[in-house]
Amino acid sequence: MADKIKDAKIIFVVGGPGSGKGTQCEKVVAKYGYTHLSSGDLLRAEVASGSERGKTLQAIMQKGELVPLDTVLDMIKDAMIAKADVSKGFLIDGYPREVKQGEEFEKKIGAPCLLLYIDAKGETMVKRLMKRGETSGRADDNEETIKKRLDLYYKATEPVITFYTSRGIVRKIDSELPVDEVFGHVAKAIDDLK
Ligand SMILES: Nc1ncnc2c1ncn2[C@@H]1O[C@H](COP(=O)(O)OP(=O)(O)O)[C@@H](O)[C@H]1O
Ligand SMILES: Nc1ncnc2c1ncn2[C@H]1C[C@H](O)[C@@H](COP(=O)(O)OP(=O)(O)O)O1
Ligand SMILES: [Mg+2]
């Protein structure tokens, strides 16, 4: 497994809920053809399948909590293996959400060459998520769950950024700007890899 993907770039995309991770990843896919794997999307697909496991996951996500590490890492790993032969790069969106997730990923899969830190203010994220909630149909885009997700982000996920900053692979992206301007900075960070 590690062999198969060793030539592909691995990029972690980290930021608070509603910061714009998914929005930027879509644009990276369009420009660079990388493979976008969102942990949240993988989990929501499992929920949509109606499986027993999906029901358990749904209950956790609705509360704004993190699902067990092994579950999400296995899903990402399987999805990476499925694309290993054709992918030039992987955007791992929404993972790691805590330092332990990063450590386990590196043990089982490989090391990231870049961490895109998509940064927006708390109030901006809440505003965006409330708006997204009008149409997303997501069980976690409501005021109460948004607040819990934000608290958990500051507590568990911000330490991930500190951890990788010490390795020198973090690029902080100001996500308060309009989408295309944010993407300009994202593209610059990716171009600098070459
Ligand atoms: N730079 C931006 N400016 C304004 N709105 C944005 C920006 N980036 C994302 N959004 C909007 O904010 C919401 C959350 O974005 P999304 O990409 O789903 O975030 P995440 O995946 O980080 O939760 C979406 O409705 C999106 O259209
Ligand atoms: N790496 C991970 N570890 C544990 N739970 C995760 C996870 N990624 C996603 N989840 C669960 C908990 C999250 O509150 C929920 C939605 O995740 P998401 O779609 O990445 O949210 P967002 O795009 O708003 O940041 O799924
Ligand atoms: Mg997302």
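Predicted model only: the values in this text are computed from it and were never measured. Atoms within a ligand are numbered from 1 in the order they appear, just like the ligands themselves.
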R132, portion touching ligand 2 at heavy-atom distance under 4.0 Å
side chain
What is the nearest protein non-hydrogen atom to [atom], stated with its residue, atom name and distance?
atom	value
atom 23 (O) of ligand 1	G18 N, 2.9 Å
atom 24 (C) of ligand 1	R132 CD, 4.3 Å
atom 1 (N) of ligand 1	L177 O, 2.8 Å
atom 5 (N) of ligand 2	V67 N, 3.1 Å
atom 6 (C) of ligand 2	L43 CD1, 3.7 Å
atom 21 (O) of ligand 1	G22 N, 3.0 Å
atom 27 (O) of ligand 1	T23 OG1, 4.2 Å

Just to check, does Q62 reach to within less than 4.0 Å of ligand 2 when the distance is taken from its heavy atoms?
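The answer is no, since Q62 has no heavy atom less than 4.0 Å from ligand 2.
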Within-shell test, E98 vs ligand 2, heavy atom, strictly < 4.0 Å
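Contact check E98 vs ligand 2: negative.
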Decide yes or no for [X] and [Y]: does some side-chain heavy atom of the first lie under 4.5 Å from some side-chain heavy atom of the second?
X	Y	result
L193	I11	yes
D93	L37	no
V13	I92	no
M80	T35	no
E143	M130	yes
F12	P96	yes

Contacting atoms of ligand 2, where contact means under 4.0 angstrom from a heavy atom of [X]:
X	value
M61	11 (C), 15 (C), 26 (O)
P17	24 (O), 25 (O)
E65	12 (C)
R138	16 (C), 18 (P), 19 (O), 21 (O), 22 (P), 23 (O), 24 (O)
S39	1 (N), 7 (C), 8 (N), 9 (C)

Hey, looking at atom 5 (N) of ligand 1, which of E176, R128, K127, Q24 has the closest heavy atom?
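Heavy atom nearest to atom 5 (N) of ligand 1 belongs to R128.
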From atom 17 (O) of ligand 2, work out which of K63, R149, R97 has a heavy atom at the shortest distance.
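Comparing heavy atoms across K63, R149, R97, the nearest one to atom 17 (O) of ligand 2 lies in R97.
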Are Y117 and Y164 close enough that their ring centres sit under 6.0 Å apart?
no
Heavy-atom donor-acceptor pair, E176 side chain to K121 backbone, under 3.5 Å
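A pair under 3.5 Å: yes.
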Any carboxylate oxygen within less than 4.0 angstrom of a Lys/Arg side-chain nitrogen, looking at [X] and [Y]?
X	Y	result
K77	D74	no
E52	K55	yes
K188	D192	yes
R128	E134	no
D140	K63	no
K100	E104	yes

Polar proximity ligand 2 side, [X] side, N/O cut 3.5 Å exclusive:
X	value
Q101	yes
V72	no
K21	yes
D41	no

So how far is it from S51 OG to Q58 CD, rounded to the nearest 0.5 Å?
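So the gap between those two atoms works out to 11.0 Å.
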Given that the side chain starts at C-beta and the backbone is N, CA, C, O, which of these parts of I118 lies under 4.0 Å from ligand 1, counting heavy atoms, or is it both or neither?
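I118 to ligand 1: no contact under 4.0 Å from either part.
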Counting only heavy atoms not in K148 (residues, nucleotides, ligands), do more than 12 fall under 6.0 Å from its NZ?
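Enclosed.
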Would you say CD of E26 has more than 12 non-hydrogen atoms from neighbouring residues, nucleotides or ligands within 6.0 angstrom?
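Counting other residues, nucleotides and ligands, CD of E26 stays at 12 neighbours or fewer.
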Ignoring angles and geometry beyond distance, decide whether [X] reaches within less than 3.5 Å of ligand 1 through its nitrogen or oxygen atoms.
X	value
K21	yes
P17	no
V182	no
L129	no

For S136 and ligand 1, answer yes if some heavy atom of the residue is under 4.0 Å from a ligand atom, otherwise no.
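Flag not set, S136 not near ligand 1.
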Whether S175 lies under 4.0 Å from ligand 1, heavy atom
yes
Which of the numbered atoms in ligand 1 are below 4.0 angstrom from a heavy atom of G20?
8 (N), 9 (C), 15 (O), 16 (P), 17 (O), 19 (O), 20 (P), 22 (O)
Near G16 (heavy-atom distance under 4.0 Å), the atoms of ligand 1 are 22 (O)
